[in-house]
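Comments concern the structure below.
Just so it is clear, the model here is predicted, and its values are computed rather than measured.
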Amino acid sequence: MEKVKYYLVNSTILPAVYSRVIEAKGYLASGEAASASQAAKMAGISRSAYYKYKDAIFEYNGENGDDTATISAKLKDNAGVLSSLMSELYKAGANVLSVNQSMPVNSAADVSVTVRITEMTVSLSQLVDNIGRLEGVNSVSIN
């Protein structure tokens, strides 16, 4: 089997159908379109064009690729502590991608929150300091 080669190409030199396939894939991913047929129609391409290229064309977004951080914290088992941590992330401009929380043991739970940091208005170290000052947060670190 021949190894697949990939190229990073400026979209302005490509036929419009390629950009429209990306657009149709976006409609499906966001839920704006319920089916591939509907997504293709919304993007202004045929269903056959969509299916021909959908598995070979991907949008490259280098700005958001690896700009994530995982925050680990030990929180007291009190109402509102996780909510205050999430509020602090929101105030800092972090986009929450995933949250994992263990069952509380000895009245404390381990929480891991992965966030996108590209739009943050404070540094990671300042964010850790802010979270560490919240009532109910026993410890916090960036992984």
(request) Using a strict cut-off of less than 4.0 Å between a Lys/Arg side-chain nitrogen and an Asp/Glu carboxylate oxygen, indicate whether K91 and E88 qualify as a salt bridge. (result) yes
Should [X] and [Y] be regarded as members of a common hydrophobic cluster, given that ILVMFWY residues are connected when their side-chain heavy atoms come within less than 4.5 Å of each other, either directly or indirectly?
| X | Y | value |
| --- | --- | --- |
| I142 | L134 | yes |
| Y51 | Y18 | yes |
| Y6 | Y53 | no |
| M103 | L82 | no |

(request) Report yes or no: do S37 and S35 form a side-chain donor-acceptor pair below 3.5 Å? (result) no
Locate the shortest heavy-atom distance separating [X] from [Y]; write the atom from each residue and the value.
| X | Y | answer |
| --- | --- | --- |
| F58 | I22 | C-CD1, 3.6 Å |
| A69 | L124 | CB-CD2, 4.1 Å |
| L28 | A34 | CD2-C, 4.4 Å |
| A43 | Y27 | N-CE1, 3.9 Å |
| A33 | M42 | CB-SD, 3.8 Å |
| V96 | V113 | CG1-CG1, 4.0 Å |

Would you mind reporting whether [Y] and [X] have side-chain heavy atoms less than 4.5 Å apart?
| X | Y | value |
| --- | --- | --- |
| L89 | L85 | yes |
| V21 | K52 | no |
| Q101 | L75 | no |
| K25 | Y50 | yes |
| V128 | I71 | no |

When rounded to the nearest 0.5 angstrom, what distance separates [atom1] in [X] from [atom2] in [Y]?
| X | Y | atom1 | atom2 | answer |
| --- | --- | --- | --- | --- |
| S46 | R20 | OG | CZ | 11.0 Å |
| K76 | N106 | NZ | CG | 13.5 Å |
| I131 | D129 | CD1 | CG | 9.5 Å |
| I57 | S11 | CD1 | OG | 11.0 Å |

(message) Between T70 (side chain only) and N143 (backbone N and O only), is there a donor and an acceptor less than 3.5 Å apart?
(response) no
(request) Using the side-chain contact (heavy atoms from CB on, under 4.5 Å) rule, take I45 and E23 through it: C-alpha gap first, then chi angles, then the decisive distance, then the call. (result) CA-CA 10 Å; I45 57 174; E23 185 179 339; over 6 Å; no
(message) Would M86 and V99 count as a side-chain contact (heavy atoms from CB on, under 4.5 Å) here? Give the steps.
(response) CA-CA 10 Å; M86 291 300 175; V99 179; 3.2 Å; yes
(message) If you count heavy atoms of other groups shown closer than 6.0 angstrom to CG of N10, is the number above 12?
(response) yes
